Amino acid sequence: MGRGKIEIKRIENVNNRVVTFSKRRNGLVKKAKEITVLCDAKVALIVFASNGKMTDYCCPSMDLGAMLDQYQKLSGKKLWDAKHENLNNEIDMIKKENDSLQLELRHLKGEDIQSLNLKNLMAVEHGVEHGLDKVRDHQMEFLMTKRRNEKMMVEENRQLSFQLQQQEMAIASNARGMMMKDHDAQFGYRVQPIQPNLQEKIMSLVID
């Protein structure tokens with residue numbers, strides 16, 4: 001007993017719709033791979049689910065970009081608008097400029113100069129000399145800055161040494177003063193004021 005035909009219309013049940021999509025999508029990808037191998041065909045497949053998730057397949061013999069370009073050429077349908085074409089042209093121009101700068105850099109390094117004519121070689125020589133002048137100027141500026149910094153460090157070191165010497169002298173002077181006070185206190189070298197009664201006795205002895 002064979003399966004009954006399914007009416008082709010939107011499946012209302014969300015779960016059934018997701019399951020059906022998954023199965024039929026996998027079947028499409030499988031068929032695309034089979035026809036690519038069996039028939040030596042160029043096949044591209046792009047599927048978007050209702051949630052926006054994309055599934056794509058492209059035969060190994062051609063990338064998707066080339067496949068779309070060929071489709072545009074053969075179908076007459078324009079896939080890219082002027083904005084995208086201008087963007088592609090700008091990208092190509094940037095790539096060419098980058099290649100030109102890379103080649104110029106190799107020339108300045110002395111690489112790949114066999115194909116250059118006399119005029120181009122003179123231009124490379126001028127560029128190298130100009131670069132050397134800039135390097136020398138920067139080197140001289142660096143050395144002068146270094147010397148100024150060294151002088152400033154020497155002067156700062158001299159001032160710090162002088163301040164340290166002054167502090168050491170002040171500390172030594174204070175230490176000597178404290179030692180003398182301690183010495184006088186230890187041996188009784190302290191001037192005592194003359195008591196009044198003793199002063200009268202001394203005066204009477206002098207008069208006698």
Side-chain angles (χ1 to χ4, degrees), residues 51-56 58 63-66 80-208:
N51 59 3
K53 185 176 180 181
M54 184 186 75
T55 301
D56 65 317
C58 187
D63 61 71
L64 186 58
W80 322 116
D81 57 15
K83 181 179 179 180
H84 289 114
E85 289 182 358
N86 293 335
L87 182 60
N88 288 331
N89 293 335
E90 186 175 352
I91 292 174
D92 292 338
M93 183 180 65
I94 292 174
K95 286 181 179 179
K96 290 179 181 179
E97 291 180 356
N98 182 64
D99 293 339
S100 177
L101 290 174
Q102 291 291 338
L103 181 60
E104 184 178 353
L105 180 60
R106 288 198 299 272
H107 290 164
L108 292 175
K109 292 180 179 180
E111 302 173 358
D112 301 334
I113 60 175
Q114 291 79 8
S115 60
L116 297 179
N117 56 30
L118 180 60
K119 182 178 179 180
N120 292 334
L121 287 172
M122 292 177 65
V124 171
E125 182 182 10
H126 175 73
V128 172
E129 291 177 350
H130 182 69
L132 285 174
D133 291 339
K134 284 188 170 295
V135 170
R136 293 191 184 100
D137 293 341
H138 182 69
Q139 184 181 19
M140 183 62 63
E141 182 180 356
F142 177 81
L143 290 174
M144 292 177 64
T145 302
K146 183 179 179 182
R147 289 171 182 171
R148 285 197 300 267
N149 292 338
E150 288 177 349
K151 289 181 179 179
M152 291 174 59
M153 291 177 66
V154 170
E155 178 63 21
E156 185 177 358
N157 183 62
R158 187 188 66 80
Q159 293 180 3
L160 290 174
S161 298
F162 176 76
Q163 293 176 5
L164 180 61
Q165 184 180 7
Q166 294 294 320
Q167 291 178 0
E168 290 177 346
M169 292 174 61
I171 292 172
S173 176
N174 292 336
R176 284 195 298 270
M178 293 178 65
M179 289 177 63
M180 291 178 64
K181 289 181 180 179
D182 292 342
H183 184 271
D184 292 344
Q186 182 178 1
F187 293 97
Y189 296 151
R190 185 167 61 184
V191 178
Q192 297 289 342
I194 300 177
Q195 299 178 1
N197 295 335
L198 182 58
Q199 185 177 7
E200 292 177 359
K201 290 181 181 180
I202 291 175
M203 290 299 294
S204 62
L205 290 173
V206 172
I207 295 174
D208 294 340

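Just so you know, these numbers come straight off a predicted model, no measurement behind them.
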Out of Met144, Arg148, Glu150, which residue meets the side chain to side chain contact (heavy atoms under 4.5 Å, CB included) rule with Lys146? Glu150
Matching residue for Met122 among Val124, Asn120, Leu118 - test: side chain to side chain contact (heavy atoms under 4.5 Å, CB included): Leu118
Contacts satisfying salt bridge (Lys or Arg N to Asp or Glu O under 4.0 Å) that involve residues 120-131 (not counting sequence neighbours) are none
Residues forming a side chain to side chain donor-acceptor pair (under 3.5 Å) with Asp92, sequence neighbours excluded: none
Step through the shown structure and confirm whether more than 12 heavy atoms of other residues, nucleotides or ligands are within 6.0 Å of CE on Met153. no
Crowding at CD, Glu156 (>12 non-hydrogen neighbours, <6.0 Å): no
So does Thr145 get a backbone contact from the side chain of Asn149, meaning a donor-acceptor N/O pair under 3.5 Å? yes
Of all residues at least two apart in sequence or in a different chain, which pass the side chain to side chain donor-acceptor pair (under 3.5 Å) check with Glu155? Arg158, Gln159
Please enumerate all residues that pass side chain to side chain donor-acceptor pair (under 3.5 Å) together with Ser161, with sequence neighbours excluded. none
When rounded to the nearest 0.5 angstrom, what is the spacing between CE in Met169 and CD1 in Ile171? 12.0 Å
Working to the nearest 0.5 angstrom, can you tell me the gap between Lys95 NZ and Asp99 CG? 9.0 Å
From CD1 (Ile94) to CG (Leu101), nearest 0.5 Å: 11.5 Å
Rounding to 0.5 Å, atoms CG (Leu160) and CG (Leu164) come to a distance of 8.5 Å
Say you draw a straight line from CG of Leu103 to CD1 of Ile113; how long is it, rounded to the nearest 0.5 Å? 11.5 Å
The salt bridge (Lys or Arg N to Asp or Glu O under 4.0 Å) partners of Arg136 (sequence neighbours excluded) come to Asp133
Give every residue pair that meets the side-chain hydrogen bond (donor to acceptor under 3.5 Å, both in side chains) criterion with at least one member in residues 164-175, sequence neighbours excluded. none
Distance check, rounded to the nearest 0.5 Å: Asn98 atom CG versus Lys96 atom NZ? 13.5 Å
